[in-house]
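These numbers come from the heavy atoms of this one structure, side chains and all, not from hydrogens, waters or symmetry mates.
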Amino acid sequence: MFGRGNWAIVGLVKESLEAFRISLENQSRMAASSQMAASAVARLYGADALGINPYSAPRLDEEQELTQEQKAELARHAIAEQENGADENLPAGILDGQGYGRSEESYQIHPTLPWYGLWAVSNEWKKASDLPSIKEQQSYVLLERPYRFLQATDKKTVDQETLNATAIVRAQVPVLLDFNEGRVYIESTNKKLIHSIIVRLCQLGAEIIPVAWSYGAPNWTEAILNRLYEKTQYGDDFAKRAEEAKRFKANEIEKLEDRELEAIVARFFSMTELPGGIWVGISGPARIRLHDAAPPIAVKAPTSATTLLNMTSDAGIVTAALTFQELVTVPTKDGGERRIRRDLARIDLNDRINLSEVGAAMLRGFDLSTHRKDVQREIRQTKQVPSIPQFWGAWLLQLNNAVRTIEGAFREVLDVDGDRQAGIVPMQISEMAAVAP
């Protein structure tokens, strides 16, 4: 989080806020949904399990030590709660501990806005990655000597003991819920994990809506890339830089005196201004198709993309990275002003922009490249470091702003009628409005 990553977006029924709040205040339910409970389930039953921790305490489950009897009770309760809703409370010895988020306050990011954050923790049983160390441990315990000094028959005994050796692999991802916008953001591309998180949120009262990016045409991602390229500015400058790249090494190419133009031709192979004032640059990694029937060619350097696109009249862009920018004027040290391009957001645009199986729209390769600099600048100016809730809240705000910018820019590029629903929209799945657990 707070850097480049991949985010899955699902819809959120705003009216389910109250049910979600009630769940967050139910200590028995939150203990059953916690990573503390999921860890107990995984270890005692050898089953995959998903738990949650509050956004401000990614390892909160480690703050409470449970006895074996308490772990067994918590695991049993967690399974009953998740399968059909437990109708009994846990013992005080478990509920009164500090190993789980026990109130709405533990998960609420903003004091007045309905913004929530949590860590979804996946506990999966997998084959141990270092069997030799397990065999060595078993040799010490069972036969009191290193594995290499065992007789053949003893080695077979140890090998049999470790044949099905497994270990719990813990992985956790941030999850952000915005009941104002009606969206959930999950930093993952793992379909199984995303589905498990959706199920858990539904169990906690949040109603989830499957969504997808949609602009009407099935090949709209390619249409956006090629329409942007057709209207690119600085075409001669891109072509000149591509010619220089053919004759000189990268460190031998003389940089342009115009710093703004140099930044454009060094990073991109297309830069287009939209009617609304947003600029969109296209860069690698990209795939270029020379002919309609030809397989696409992968390129990374912008000069390579320019060269390929100029080779044939019907060459086109299949996939690429998009950077959304705005032009701003900043003061200089000598009292003057200069114009700079400020990145708003970056995404990879390709045919994997939707995870239809789990009803999620994707932000792949997503980055708010100036966000960290903006926060650090504010810290220097105010001499105050934001609190953890403020860090998470600022990121969620910028996520929302970036998605709106991207949705609007795509509408402009494709000339989508203002009355037509486009962007991240609910998926048409039977007559159901929400995903059931």
Side-chain angles (χ1 to χ4, degrees), residues 1-9 55-56 58 108-119 173-178 180-181 183-187 258-264 266-268 271-274 276-283 321-349 362-410 412 423-424:
M1 191 164 155
F2 305 115
R4 185 178 176 184
N6 302 299
W7 290 84
I9 306 172
Y55 70 92
S56 60
Q108 189 165 9
I109 295 172
H110 196 278
T112 57
L113 294 174
W115 291 357
Y116 299 86
L118 56 91
W119 291 96
V173 300
V175 179
L176 295 156
L177 298 90
D178 184 347
N180 260 354
E181 291 287 330
R183 282 180 179 160
V184 179
Y185 300 93
I186 304 168
E187 192 179 13
D258 186 329
R259 294 169 61 184
E260 180 186 346
L261 183 56
E262 174 60 31
I264 292 172
R267 290 179 61 190
F268 307 103
M271 180 61 69
T272 306
E273 183 180 15
L274 301 182
I278 296 295
W279 289 75
V280 186
I282 308 179
S283 63
L322 296 182
T323 300
F324 301 83
Q325 296 182 330
E326 64 178 351
L327 287 179
V328 295
T329 301
V330 297
T332 59
K333 293 181 180 180
D334 59 5
E337 293 181 337
R338 71 182 180 93
R339 190 177 70 166
I340 64 169
R341 291 177 174 271
R342 182 175 180 273
D343 289 356
L344 300 174
R346 177 199 182 279
I347 63 167
D348 294 332
L349 187 59
M362 296 301 300
L363 293 175
R364 293 185 182 273
F366 176 78
D367 193 14
L368 295 170
S369 52
T370 61
H371 177 74
R372 183 168 177 268
K373 293 180 181 178
D374 291 342
V375 173
Q376 290 177 325
R377 185 184 305 111
E378 184 177 348
I379 292 173
R380 288 195 299 270
Q381 292 174 349
T382 63
K383 309 299 182 184
Q384 293 182 339
V385 178
S387 64
I388 297 300
Q390 288 173 325
F391 274 114
W392 278 64
W395 182 259
L396 176 54
L397 176 64
Q398 294 304 318
L399 257 177
N400 282 329
N401 290 340
V403 171
R404 279 193 290 269
T405 297
I406 295 167
E407 286 180 306
F410 287 174
E412 288 189 50
I424 298 178

Donor-acceptor pair, side chain of R346 and main chain of G365, under 3.5 angstrom: yes

Could you tell me which non-hydrogen atom of G5 sits nearest to which non-hydrogen atom of E187, and how far apart they are? CA-OE2, 3.8 Å

Salt-bridged, D343 to R267, with N to O below 4.0 Å? yes

Please evaluate residues E260 and R339 with respect to the criterion salt bridge (Lys or Arg N to Asp or Glu O under 4.0 Å), reporting the C-alpha separation (whole Å), side-chain torsions for both, the decisive distance (0.1 Å), and the verdict. CA-CA 8 Å; E260 180 186 346; R339 190 177 70 166; 3.0 Å; yes

Main-chain N/O of R259 paired to E262 side chain as donor or acceptor, under 3.5 Å: no

Are side-chain N/O atoms of Y185 and N400 paired as donor and acceptor at under 3.5 Å? yes

Which value, rounded to the nearest 0.5 Å, describes the distance between L349 atom CG and I347 atom CD1? 5.5 Å

Between I9 and V184, is there a side-chain heavy-atom distance shorter than 4.5 Å? no

To the nearest 0.5 Å, what is the distance between OG1 on T272 and CD1 on I282? 6.0 Å

Which pair of non-hydrogen atoms, one from W395 and one from F2, has the smallest distance, and what is that distance? CZ3-CA, 3.6 Å

Value rounded to 0.5 Å, distance of CZ in F366 from CG in N6: 11.0 Å

Decide yes or no on side chain to side chain contact (heavy atoms under 4.5 Å, CB included) for E326 and W279, but give the supporting numbers first. CA-CA 6 Å; E326 64 178 351; W279 289 75; over 6 Å; no

Does the pair M271 and V280 meet the rule for a side chain to side chain contact (heavy atoms under 4.5 Å, CB included), with working shown? CA-CA 6 Å; M271 180 61 69; V280 186; 6.0 Å; no

Between W119 (side chain only) and Y55 (backbone N and O only), is there a donor and an acceptor less than 3.5 Å apart? yes

Please check: side-chain N/O of T323 versus main-chain N/O of G281, any donor-acceptor pairing under 3.5 Å? no

Can you see which heavy atom on A409 is nearest to which on F324, and at what distance? CB-CE2, 3.7 Å

Atom pair CG/NE2 of N401 and H371 - distance to nearest 0.5 Å: 11.0 Å

Side-chain H-bond candidate by donor/acceptor type, S369 with D367, under 3.5 Å: no

So how far is it from I186 CD1 to L177 CG, rounded to the nearest 0.5 Å? 8.0 Å

Kindly determine whether L176 and W7 satisfy side chain to side chain contact (heavy atoms under 4.5 Å, CB included), including the steps that lead there. CA-CA 10 Å; L176 295 156; W7 290 84; 4.0 Å; yes

Strictly below 4.0 Å, N to O, side chains only: are R183 and E407 in salt-bridge contact? yes

Evaluate the criterion side chain to side chain contact (heavy atoms under 4.5 Å, CB included) for residue pair L397 and W392; output intermediate values, then yes/no. CA-CA 9 Å; L397 176 64; W392 278 64; over 6 Å; no

Test your reading of the model: is there a side-chain donor-acceptor pair from E412 to the backbone of G276, 3.5 Å cut-off? yes

Evaluate the side-chain proximity of D374 to R342: yes if any heavy-atom separation is below 4.5 Å, no if none is. yes

Smallest separation among heavy atoms of L368 and L344, with atom names: CD2-O, 3.3 Å

For Q108 and L113 the tightest heavy-atom approach is NE2-O, 3.2 Å

Using 30° and 60° as the class boundaries, would you call the ring planes of H110 and W115 parallel, tilted or perpendicular? perpendicular

When rounded to the nearest 0.5 angstrom, what distance separates CD1 in I109 from OG in S387? 10.5 Å

Closest approach of D348 and R4, non-hydrogen atoms and distance? OD2-NH2, 3.6 Å

